[in-house]
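Accompanying notes for the structure given below.
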Amino acid sequence: MTTLESSNKSRPATGDRPPFDVVRIRADFPALDQTVHGKPLAYLDNAASAQKPQAALDAEAECYRRFYSNVHRGVHYLSEKATDAYEEARRKVQRFVNAAREEEMVFVRGTTEGINLVASTYGKQHVGAGDEVLITTMEHHSNIVPWQLLCEEKGARLVVAPINERGEVIVEEYEKLLSERTRIVAVTHVSNALGTINPVAEMIGMAHARGVPVLIDGAQAVPHLEVDVQELGCDFYAFSSHKLFGPTGVGALYGRLDLFADMPPYQGGGEMIRSVTFEKTEFSPPPARFEAGTPDIAGAIGMGAAIDYLQALDMNAVAAHEHDLLDYATRALEAVPEVRIIGTAANKASVISFVIGDVHAHDVGTILDREGVAVRAGHHCAQPVMDRFGVPATTRASFALYNTREEVDRLVAGVERVKELFG
Ligand code: PMP
């Protein structure tokens with residue numbers, strides 16, 4: 001496995017960051033300190049959603065406790081404070097992915113809404129009958145279905161770039177599938193089902209060489225990799241707060257300002273307008289144009305605090321720690337007869353999907369739960385990936401910065417227990 005840094009620029013190490021200390025980090029996440037079925041919780045379901053540091057919980061609660069009000073429309077003190085905090089959160093999200101301008105960041109409900117926003121605005125504007133939208137086999141349903149709906153409506157074609165046995169996009173095939181009818185590419189940065197880190201910079205370069213814009217689904221990337229949208233050169237980048245140790249119900253969509261500026265609104269309502277008459281409505285410029293209605297104010301502030309938390313850490317140390325867990329778990333599970341790991345890409349994030357003989361993943365998940373080990377079992381909203389590997393479902397362990405080798409040992413012991421019970 002190569003290092004995470006190979007696909008991303010490294011954050012400069014600063015002397016004022018404390019050394020990586022998993023015990024100290026765990027103490028920041030109150031949910032980790034509990035027992036489940038009488039066993040200490042080993043939370044290995046981070047790709048589905050991550051636990052929250054106290055700092056993010058406090059920031060959200062503080063908003064409701066001290067300066068809660070609706071944003072943007074008020075002239076009173078609390079509304080101004082809430083607006084300042086909400087807009088500061090936007091700047092945090094902007095800096096987090098190194099967008100050039102804050103107007104390029106739109107708060108959305110999450111990755112799913114970010115992708116739907118692009119499909120139903122940019123997509124409706126630019127995709128017509130006979131055109132093509134290019135995705136890959138390893139997309140999450142939320143980066144398939146919005147494009148499928150668009151293609152059905154427009155009489156366009158959804159084209160799918162294949163993946164190999166290791167679960168990597170076959171880049172030469174992807175390049176061949178970029179045609180003069182391709183109107184947009186939508187690809188995941190990191191696969192939630194396989195852990196594969198895609199060579200997105202290279203894929204973006206290939207699309208741009210043909211004048212095709214690219215949306216990146218960053219849901220699984222932002223908790224693990226440093227993302228720089230300018231360096232990647234992507235046109236849209238969508239991600240969710242809840243996988244990033246922030247609250248649920250909020251996320252962000254990056255879009256290049258020149259694209260955003262030409263796009264029609266996503267939803268109509270308050271805040272996204274400049275003026276309304278019954279004859280004609282003029283829309284606000286981005287980002288307000290895409291934020292109709294009252295946003296998740298406290299959620300955005302909590303997301304900003306989660307980003308602050310993550311940015312105070314040395315991400316290279318976090319990446320090294322997560323990689324150690326992935327390597328350690330991979331070696332241990334590979335050594336268990338009848339375990340088959342699904343997704344063995346050379347460049348992987350800390351997700352490990354596996355099957356044990358023909359034991360159903362739900363049985364595996366239930367037995368592990370009795371041991372206090374939380375994993376996900378199912379198709380992981382990526383049914384085409386399951387089809388590609390000929391399995392109905394997998395068990396998926398996914399690691400975050402607060403996990404430990406001891407928790408991996410408990411996962412492996414649980415797998416041995418499954419084998420005893422079904423052996
Ligand atoms: N894309 C990927 C790769 C994901 O893992 C997920 C969440 N499992 C999503 C998109 C959707 O994210 P959300 O449910 O937060 O909108």
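When a ligand or atom number is given, it counts from 1 through the structure's own listing order.
With ligand atoms numbered from 1 in the order given, ligand 1 contributes 3 (C), 4 (C), 5 (O) to contacts under 4.0 Å with heavy atoms of Gln220. Distances below 4.0 Å separate heavy atoms of Ser240 from the following atoms of ligand 1: 12 (O), 13 (P), 15 (O), 16 (O). The Ser142 neighbourhood of ligand 1 comprises atoms 1 (N), 9 (C), 10 (C), 11 (C), with distances under 4.0 Å to a heavy atom of that residue. Residue Thr188 approaches ligand 1 through these ligand atoms, each under 4.0 Å from one of its heavy atoms: 3 (C).
Protein heavy atom at the shortest distance from atom 4 (C) of ligand 1 is His140 CD2, 3.3 Å.
Residue contacts with ligand 1 for His242 involve side-chain atoms from C-beta outward but no N, CA, C or O (heavy atoms, distance under 4.0 Å). The proximity of Lys243 to ligand 1, defined as any non-hydrogen pair under 4.0 Å, is limited to the side chain. Residue contacts with ligand 1, taken as heavy atom pairs separated by less than 4.0 Å, involve Asp217 solely via side-chain atoms from C-beta onward.
Ion pairing between Arg181 and Glu132 fails under the 4.0 Å rule for side-chain N and carboxylate O. Between Glu103 and Arg256 there is no salt bridge, since no side-chain N of the basic residue sits under 4.0 Å from a carboxylate O of the acidic one.
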Problem - Intermediate values then yes/no, side-chain contact (heavy atoms from CB on, under 4.5 Å), Arg396 and Ile352 - result: CA-CA 6 Å; Arg396 181 186 71 189; Ile352 183 158; over 6 Å; no
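Partners of Phe239 under the ring-ring contact (aromatic ring centres under 6.0 Å, His included) rule, at least two apart in sequence or in another chain, do not exist in this structure. Evaluation of the ring-ring contact (aromatic ring centres under 6.0 Å, His included) rule for His208 yields no partner, not counting sequence neighbours.
Between Thr112 and ligand 1, an N or O atom pair is found at a separation short of 3.5 Å.
Every heavy atom of Cys381 sits 4.0 Å or more from the atoms of ligand 1.
There is no side-chain donor-acceptor pair under 3.5 Å between Ser350 and His323.
Cation-pi geometry between Arg405 and Tyr328 is satisfied (NZ or CZ under 6.0 Å from the ring centre, within 45° of the ring normal).
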